[in-house]
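The structure under discussion appears below in the form of structure tokens.
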Amino acid sequence: MDIHEYQAKEILRENGIPVPPGEIAKNSDQAVAIAKNYEFTVVVKAQVHSGGRGKAGGVKLAKTQDDVRKAADDILGMFISGHKVNEVLVTPAEDIDTEAYLGILIDRETQSPVIVVCAEGGIDIEEVAVNNPNSIHKLSIDPRYGLFRHQAYGLARILYQEKDLVKQAVSIIEQLYQAFISSGASMVEINPLISTPTGDVKAIDAKMSIDDSELFKHPKLQSYRDVQAEPRAETMAREAGLSYVKLDGNVGCCVNGAGLAMATMDLVKYYGGDPANFLDIGGSSNPQKVVAALKIITSDPNVEVILFNIFGGITRCDDVAKGIVDALKEIEIKSPIIIRLTGTNEAEGLEILSSAGLSAFTSMDDVVEQAVSETTK
Amino acid sequence: MDIHEYQAKEILRENGIPVPPGEIAKNSDQAVAIAKNYEFTVVVKAQVHSGGRGKAGGVKLAKTQDDVRKAADDILGMFISGHKVNEVLVTPAEDIDTEAYLGILIDRETQSPVIVVCAEGGIDIEEVAVNNPNSIHKLSIDPRYGLFRHQAYGLARILYQEKDLVKQAVSIIEQLYQAFISSGASMVEINPLISTPTGDVKAIDAKMSIDDSELFKHPKLQSYRDVQAEPRAETMAREAGLSYVKLDGNVGCCVNGAGLAMATMDLVKYYGGDPANFLDIGGSSNPQKVVAALKIITSDPNVEVILFNIFGGITRCDDVAKGIVDALKEIEIKSPIIIRLTGTNEAEGLEILSSAGLSAFTSMDDVVEQAVSETTK
Amino acid sequence: MAILVNTETRLLVQGITGRDGSFHTKEMTRYGTNVVGGVTPGKGGLFFEGHDGQQIPIFDTMEEAVRETAANSTVVYVPPAFAAGAMEEAIDSGVGLVVAITEGVPVLEMSRIHAFAKDRGVRILGPNCPGVISPGKAKVGIIPDQIVVPGPVGVISRSGTLTYEAVINLTRAGLGQTTCVGIGGDPLIGTSFIDCLELFKSDHETQVIVMIGEIGGTDEQEAAQWVSQHLRIPVVGFIAGQTAPPGRQMGHAGAIISGSSGTADEKTRCFEENGIRVAARPIDIVRLVKETLDR
Amino acid sequence: MAILVNTETRLLVQGITGRDGSFHTKEMTRYGTNVVGGVTPGKGGLFFEGHDGQQIPIFDTMEEAVRETAANSTVVYVPPAFAAGAMEEAIDSGVGLVVAITEGVPVLEMSRIHAFAKDRGVRILGPNCPGVISPGKAKVGIIPDQIVVPGPVGVISRSGTLTYEAVINLTRAGLGQTTCVGIGGDPLIGTSFIDCLELFKSDHETQVIVMIGEIGGTDEQEAAQWVSQHLRIPVVGFIAGQTAPPGRQMGHAGAIISGSSGTADEKTRCFEENGIRVAARPIDIVRLVKETLDR
């Protein structure tokens, strides 16, 4: 789960990392009221789960109250990479001497947290990784021991020469690691980590993702979820316990299992179609999950045909069939439904379908080819 | 550093372990005032750094206010294993169903914390170790991982069968481990850990020692030191940075290095004498430490002769010689001082001594034999 | 022969009395897997009824279970909040193989657990995996046994149902399997493609290996290089997720394209560069396997 | 030959600019020890002047120091609050031997550090030890070199000045040493009596070993059993603390009799039962060594 900049900064602050003050405004009046508490210049920053906010015009400097009002009016309501801006962060502008990058993520290869530092900050780290890979330093942390002091010191010295800056950076690195672990994060980054002309090291921008599997331990972090910023269909899917990702095509897909769901999308493409979504109904399906899945798929106006590809294992074919039949009673579905049903309780499932006047394929290729043929292209 | 029962209980409480309430009284009026807050029966317990308080009459049940007053009057001021009782803990008596033992210490062999449990509690665990060693279960904890939940569960099941008691014990074991680590303890024990007829598991008595080397991290624990309960000479020694242990003999020993100090005591015994103390002036001696050492040794009225055994390494012989000469100016010393001085800056040291009319041996056996001969036996 | 599980497997089931654990224990015993015991704290002393009335003893702890049954393997069906603890207990108990079915175990916990397993020399398969089946010998996990038959093909996959899809096609075409392994869809898994390839390398009955990958990470790429350097057994590949958008997690916690890395194109190219023929559709796996065996 | 340190030793000094570190670095270089660098955070780039004007480079981190100097050993003189961190850095740096002189390192920190050192295959000597000297070859730590001469006796001891007492008596009697090792007075030490005995076992110049123990723990008892089972080189023993009262710490954090365990009597008896002759006084060590060598 991605969280917003201001939420990430709140977590950093709780862990002792110096972060400039700032508050959230949902309209320009609020933004002006907040700005009055700070010395000008202030910065008005769009809070969306997307990079590239600056380039998109989502971050503006404001030297007067009028500037703040105008910036807030401009930014609130705008779309950045498809995400609507509902909130802005108003925060004092900082004098910047140097900008650096500091991040932590989970590395698959070492199966450990990895701390990443780069003395060039403030720009897209992925770009730096391409253009100047040697400037990026990575250090894998043994989960049995955690971060050693000398490791934090070694990383801090990559960022700074001056003794006092190094000392501050050592603390920030240790605090960021602590924040990462205690929040159950999968990624956190400070970009830029700045030093000021007065010799302070601060986190000016922050990004953080929490491992969904950790959320049950952290009720406070759960409340950080921004349902408003999330497409309605994804909220519905999450609440129903389904995995759903919206795409741009017209073949609505409903599959059990993530690998099979991806392979189904790929096969739609293979036969010349275009998948409308990724949707995995998961392992232990029940009819209600299928009903929810159909509601989500049909909420996408692009969908012209609905394709079921079910390979029963834990998932029972009769449950899925029952869900389809139930859904047809509950919701009006105009698109044709093309079904493949095989595996556990296949016979019972086919029986349920045929009682409702539906039929099913048993081969994956057949069902996908048929579904694609039903679309207008 | 040993801490008192009530202090250990305070730490357990902070870590979430159920401990009956209780307060400290320095006189019988206070004890009665505290007892009024509880339902009778209450217990009045001597707070001293010593086991065997019960057998010594330092723990008394009181059913009335008069009982409390009498118990407090009896216990306050008594001596238990040479320790004067200055404070009593007044705490409600508990109904006891079962008594168990739970402790954690550092095991030299595995170089790890070891959790010790025994379903027979309330009695001296050293006695159980002799009489029924199989009833004592030990589990070594890998410091890289800490205590695993299944380990706590396995230990709890040694203590209890009943599911709800096991569950409480799992928490208590985890909390005790947490208390042990976060306090920098070298030993902690709950004895007895009781279960009550109403199904609660509680810590009724507790003992704890803090690793002296950890104290600099824990200002609060430093304040737990009971200087009043400590012999004055040991307080002086600690404050001067010396290691000192009082013994019963009459040959006062002043040595550099713990091993050599023990060997010197042993050699006093070998030559028929009786050491008055262990005293190590440490590695980087300066004259002031020697002065402090002489003050401490001479504060013991049993001392008839003072024996210096100095093998200069880091310790410089001239520093020690200067300290002896300075001390003779500062304090009146009636006992003869017999000195052995060899190693780093030996010549300079001997020169300083001879200027002050003193002389020194170079052999350890010679000096010890001479010192013993000066005593009355 | 076979890898990971066979007739020597003496299996414990952690969470044997739970919904998934009880269902699949019945299935595993029906298939003939030697389930020697189960573990559910607080239910020690009771028995679980497996297939055909088989009485399987339940223990409170893994330590007791291993001591009493001489088990060498365990399968974990406990819910995500307790799965990490169950795996730690398993690693500490003396078994050599821990098959973790549970999905949704926190990644940071898995990081410590994988380190612990390495310290103790214990193999973890998964988590978030369908388990492993050696047709005609033993089944550990949730792979439907109806779709497998003994034969010369080794199957390794990061997913569940996509594996079933591939395996049923093989079986229908008369191509049986030595062992089918689901290594799991999480970012941090205990047994990698390479680990399985190494095991198949020493399995003299495996004549061809099917390796089913997906987007995310670089496990497939490393495996492909390992194949070209160390393996004589031919490998046929498939990669799911050609149409997956970057930056979005596709169901599996590990199935996410980060930046330009971990795409299906990159993996397919890497397979082909290292001599692994890649099927365009799941059904094409059968043809490639046949052609390979016929050579 | 010698054990632990010799002419191949390439030594770093952690805390080289501190009071103890600077004094003993001068001493070590005067004795001819190959001190290749020092580490003091914040003083990287400066030089420390050793014996006879030798310029020793100072580094900010162990990593740089090892990279630049190819050091294989380090000695830690930093104060107790920072000693654990210095040892961790040393273990992580690639050296094989870490000699920790510092007294007063928290025992719980040492517990983790010893585990870390074992993981990395690094040997720690100490903490709270005087170090090690191989007469005529190298000195690492604080043992006064004036009292040693080369010869056939190996010395292992838990203490500092008591070792000097024993060694000077040997030297005066014409009995030189291969190596004198102080293993340290803390309860958790990195190199035990047995570890040293094993090293001496492979050292063909060591003809007799002097083992100086004290009250507390069971390291001496285990060593005695190991001697009778594995060692052909004769051993002479001494135990300090016959007159120490139980339950009181005698200076060294490890020198404490717990219950009935760890007494000098128990250790002496155990030595004798395993064929180790025990000197009643330090001076008697010389006679026993002589008698042993004359046999």
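The figures that follow rest on heavy atoms only: side chains count, while hydrogens, waters and symmetry mates do not. In what follows, every chain begins at residue 1, and chains take the letters A, B, ... in the order their sequences are listed. Since this is a predicted model, take the numbers as computed values, not measurements.
Minimum heavy-atom separation, C:Leu162 to A:Ala263: CD1-CB, 3.7 Å. Between A:Phe311 and C:Ile168 the shortest heavy-atom distance is CE1-CG2, 3.6 Å. Across every non-hydrogen atom of C:Pro144 and A:Gly312, the tightest pair is CG-O, 4.2 Å. In this structure, A:Gly184 and C:Leu108 approach most closely via the heavy-atom pair CA-CD1, 3.9 Å. In plain terms, the two heavy atoms of C:Val105 and A:Ser213 that are nearest each other are C-CB, 3.9 Å. Pairing each heavy atom of A:Val245 with each of C:Gln249, the nearest pair is CG2-O, 3.7 Å.
For C:Phe238, the part lying near chain A is the side chain, with the backbone staying farther off; criterion is any non-hydrogen pair under 4.5 Å. Both the backbone and the side chain of C:Ala81 come within contact range of chain A, judged by heavy atoms closer than 4.5 Å. Using a 4.5 Å cut-off between heavy atoms, A:Asp274 makes no contact with chain C at all. If you measure heavy-atom distances from A:Ile310 to chain C, you find no contacts under 4.5 Å at all. The contact between A:Phe216 and chain C is made entirely by side chain atoms (from C-beta outward), counting heavy-atom distances below 4.5 Å. Heavy-atom distances place the side chain of A:Thr342, and not its backbone, under 4.5 Å from chain C. Looking at C:Ile143, there are no atoms closer than 4.5 Å to chain A (heavy atoms on both sides), in backbone or side chain. Heavy atoms closer than 4.5 Å to chain C are found in the backbone of A:Ala185, but not in its side chain. Residue contact with chain C, scored on non-hydrogen atoms closer than 4.5 Å, involves the side chain of A:Glu234 exclusively. Proximity to chain C is limited to the side chain of A:Asp365, based on heavy atoms less than 4.5 angstrom apart. For a residue to count as touching a neighbouring chain, one of its non-hydrogen atoms must lie under 4.5 Å from one of that chain's; by this rule A:Tyr244 touches chain C with the backbone only. In this structure, chain A has no heavy atom under 4.5 Å from any part of C:Pro80. For A:Asn256, the parts lying under 4.5 angstrom from a heavy atom of chain C are both the backbone and the side chain.
How far CE of C:Met110 is from CD1 of A:Ile106: 11.5 Å, rounded to the nearest 0.5 Å. Between A:Ile314 atom CD1 and C:His24 atom NE2 the span is 4.0 Å, to the nearest 0.5 Å. Here C:Ile283 contributes atom CD1 and A:Met364 contributes atom CE; the two are 9.5 Å apart, rounded to the nearest 0.5 Å. Considering OG of C:Ser111 and CD1 of A:Ile141, their distance stands at 10.5 Å, rounded to 0.5 Å.
Remark: side-chain polar atoms of A:Asp280 are not paired, donor with acceptor, to backbone N or O of C:Gly251 under 3.5 angstrom. For the pair A:Asp211 (side chain) and C:Pro106 (backbone), a donor-acceptor distance under 3.5 Å is absent.
Top candidate by heavy-atom pairs under 4.5 Å with chain A, chosen from C:Arg158, C:Glu27, C:His252, C:Arg248, is C:Arg248. Per-residue heavy-atom pair counts under 4.5 Å with chain A were compared for C:Gly160, C:Ala280, C:Gly241, and the maximum is reached by C:Gly241. Of the listed residues C:Asn169, C:Ile212, C:Ile142, C:Asp219, the one with more heavy-atom pairs under 4.5 angstrom with chain A than any other is C:Ile142. Ranked by non-hydrogen atom pairs under 4.5 Å with chain A, the options C:Ser159, C:Pro187, C:Pro130 are led by C:Pro187. For the set A:Ala261, A:Gly313, A:Gly249, A:Ser243, the entry with the most heavy-atom pairs within less than 4.5 Å of chain C is A:Ser243. Most heavy-atom pairs under 4.5 Å with chain A, from the set C:Ile239, C:Thr163, C:Ile189: that is C:Ile189. Listed options C:Ala166, C:Gly217, C:Gly247 were ranked by heavy-atom pairs under 4.5 angstrom with chain A; first place goes to C:Gly217.
Taking the charged nitrogens against the carboxylate oxygens, A:Arg108 and C:Glu222 have no contact shorter than 4.0 Å, which rules out a salt bridge.
Side-chain contact between C:Tyr164 and A:Leu260 is absent, with no heavy-atom pair separated by less than 4.5 Å. In this structure the side chain of C:Glu214 reaches within 4.5 angstrom of the side chain of A:Met262, judged on heavy atoms.
Identified by a heavy-atom distance below 4.5 Å to chain A, the contributing residues of residues 112-119 of chain C are C:Arg112, C:His114, C:Ala115, C:Lys118, C:Asp119, in residue-number order.
Annotation for A:Lys217: atom NZ counts as buried by contact number, over 12 foreign heavy atoms lying within 6.0 Å. Within 6.0 Å of the OH atom in A:Tyr145, the count of heavy atoms belonging to other residues, nucleotides or ligands exceeds 12. Around NZ of C:Lys26, the count of heavy atoms belonging to other residues, nucleotides or ligands within 6.0 Å exceeds 12.
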